[in-house]
Amino acid sequence: MILQKLSIIIITTFSFIATAQTSKKEMSKLIHDEFQFADKQYKYLMKAIPQDKMPQSYKASEGKVVTKDISWWCSGFYPGSLWMIYEQTKDLEIKKEAERTLSLIESNKTFTRDHDLGFMMFCSFGNAYRITKDPKYKEIILASAESLSTRFRPGMQAILSWDKMADFKGPVIIDNMMNLEMLVWASQNGGNKKTAEIAIAHANTTMKNHFRPDYSSYHVIDYDKNSGKVLSKKTFQGYSDSSAWARGQGWALYGYTMMYRLTKDEKYLSQARNIAKFILNNPTLPEDKIPYWDFNDPKIPNVPRDASAAAIISSALLELGQFTKGEEKKNYIGVAKKMLINLSSEKYHAKLGENGGFLLMHSTGGLPLNSEIDVPLIYADYYFLEALKRYKDWYL
Ligand code: GLY
């Protein structure tokens, strides 16, 4: 027992030193090599999907890439990942696939059936516009922001996440924070001022109702659509109504950090710092910083991890590092760096030609729904690539 404890201390200390000592040169190589790898790996993925569908995951038992229709909330992540790979490698085959898949999802710009249009259209067309400055992409983003804004319910002062789901009346999920970036961006880039007002109202309502005193987030708040009264505080994808579903904490951290970037409203920064505190000080956050799927699953450590939560949190922490100073900033960047190094290790990272062509393994989509447990997920790859790019742009 004593020996076991001692070896844990030695391994822990060693891995801390190893991460802290990874030099700028080594990080630069890690990031460069990852994009070169992704360029090759996504050519396997590219060949594994039918022309009218988007890659979502991989069923190892059947050796099959799982694909989804373009109206699925994840349809923007594959094109967005391709754009980020192209940006680093300048590979025209990757660019061609990025353009092909953008055309495929363009019709989503009038989609209003749920709240996910920001994920679908900003992760895709947002990156395409950022990289190419092609005005046609901007038009599509502005149209998409208009479509998403139709889901704002003045009585709730929030965007309705789902129309019909379980017994919910007016559900708003924490994930919805991520869709606000497109609304504010559109407004600041020639679009309607109203879309930013909607985003700000939504962020304020969410701040009021979605958080517990320790700054962990509920997954679903169910509202009365007319009065805005909170009917219940629930979960859909987490362990329990009172638990902290890992990806949800990631969406919250990313969402408020991004809202601070776009509005410079100090209360969003303060919210993001408090959420970061909850995540980083959580006793169940493992030594390698890749969260278990839910921070409160009582079966921890014998439960799946969620690499997608790590990728989202690392990308968000890198941005939070841009708005903070001293030891606090150093801690955010240090943890994000550790997450990226570990996600790049063989424990979480696929080998060339394996894992269906996805980069990362070990993400969890919806454990209580018995869906996508311990598998690759396209959005884990997307936020991993985004975090690597952020690290390169801001900290090398
Ligand atoms: N937005 C859905 C999820 O995070 O699974």
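All ligand and atom numbering here is 1-based and tracks the order in the structure.
For Phe236, the heavy-atom gap to ligand 1 stays at 4.0 angstrom or more.
Partner Asp116 forms a side chain to side chain contact (heavy atoms under 4.5 Å, CB included) with one of Asn179, Asn176, Leu148 and no other, that one being Asn179. Exactly one of Tyr254, Tyr382, Tyr379, Trp251 qualifies for a ring pair (Phe, Tyr, Trp, His ring centres under 6.0 Å) with Phe119. That residue is Trp251.
Any N or O atom pair closer than 3.5 Å counts here, and Gln237 shares at least one such pair with ligand 1. For ligand 1, one of its N or O atoms has an N or O atom of Trp251 under 3.5 Å away. Note: an N/O pair closer than 3.5 Å links Arg247 and ligand 1 by distance alone.
Taking the six-membered ring where tryptophan is involved, the planes of Phe168 and Phe236 are perpendicular, since the angle between them exceeds 60° and thus also 30°. Classification of the His219-Trp245 ring pair by plane angle, with boundaries at 30° and 60°, yields tilted.
Close contacts between ligand 1 and Asp175 involve ligand atoms 1 (N), 2 (C), 3 (C), 4 (O) [criterion: under 4.0 Å to a heavy atom].
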TODO: Show your working on side-chain hydrogen bond (donor to acceptor under 3.5 Å, both in side chains) between Ser81 and Asp381 and close with a plain yes or no.
DONE: CA-CA 7 Å; Ser81 297; Asp381 284 10; over 6 Å; no
